[in-house]
Amino acid sequence: MVDYTAGPVAAALDASVDTLLNLVPLSPQDAAALASAVRPGGRIVSIAPPIEPPVGAGVEAMHVVAANKMWRIWPRS
């Protein structure tokens with residue numbers, strides 16, 4: 001885990017990562033720097049704006065959106 005308020009997150013990494021789990025909105029520059037830190041075969045998962053992996057990096061990206069509206073998940077009788 002890295003504290004994103006302490007400075008650029010990508011600078012805090014000393015090696016590539018298997019998975020990037022993003023929970024906060026990032027600038028396009030920060031998102032690109034983090035995406036390039038994911039190893040080939042790795043995954044990017046974001047609940048904030050989507051993060052696209054570098055072209056040809058062999059990284060899968062996923063944008064997860066959830067709606068917490070009970071009427072959508074609980075059938076009405």
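Every heavy atom of this structure was used, including side-chain atoms; hydrogens, water molecules and symmetry mates were not.
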Linking I/L/V/M/F/W/Y whenever their side-chain heavy atoms sit closer than 4.5 Å, directly or via other members, would Ile47 and Leu26 fall into one cluster? no
ILVMFWY cluster, Leu20 and Val45 together (side-chain gap under 4.5 Å): no
Val64-Leu34 co-clustered via ILVMFWY side chain contacts under 4.5 Å: no
Kindly indicate whether the side chain of Val59, heavy atoms from C-beta on, has any atom under 4.5 Å from the side chain of Ile44. yes
What heavy-atom pair brings Ile51 and Ala61 nearest, and what distance separates the two atoms? O-CB, 3.5 Å
Using side-chain heavy atoms (C-beta onward) and a distance below 4.5 Å, is Val38 in contact with Arg43? no
Looking at Asn22 and Pro49, what are the two nearest heavy atoms and their distance? ND2-O, 4.4 Å
Hey, what do you get for CG (Leu23) to OG (Ser46), rounding to the nearest 0.5 Å? 7.5 Å
In terms of heavy-atom contacts, Pro53 and Ala35 come closest through CA-CB, 4.2 Å
So how far is it from Met62 CE to Leu21 CG, rounded to the nearest 0.5 Å? 11.0 Å
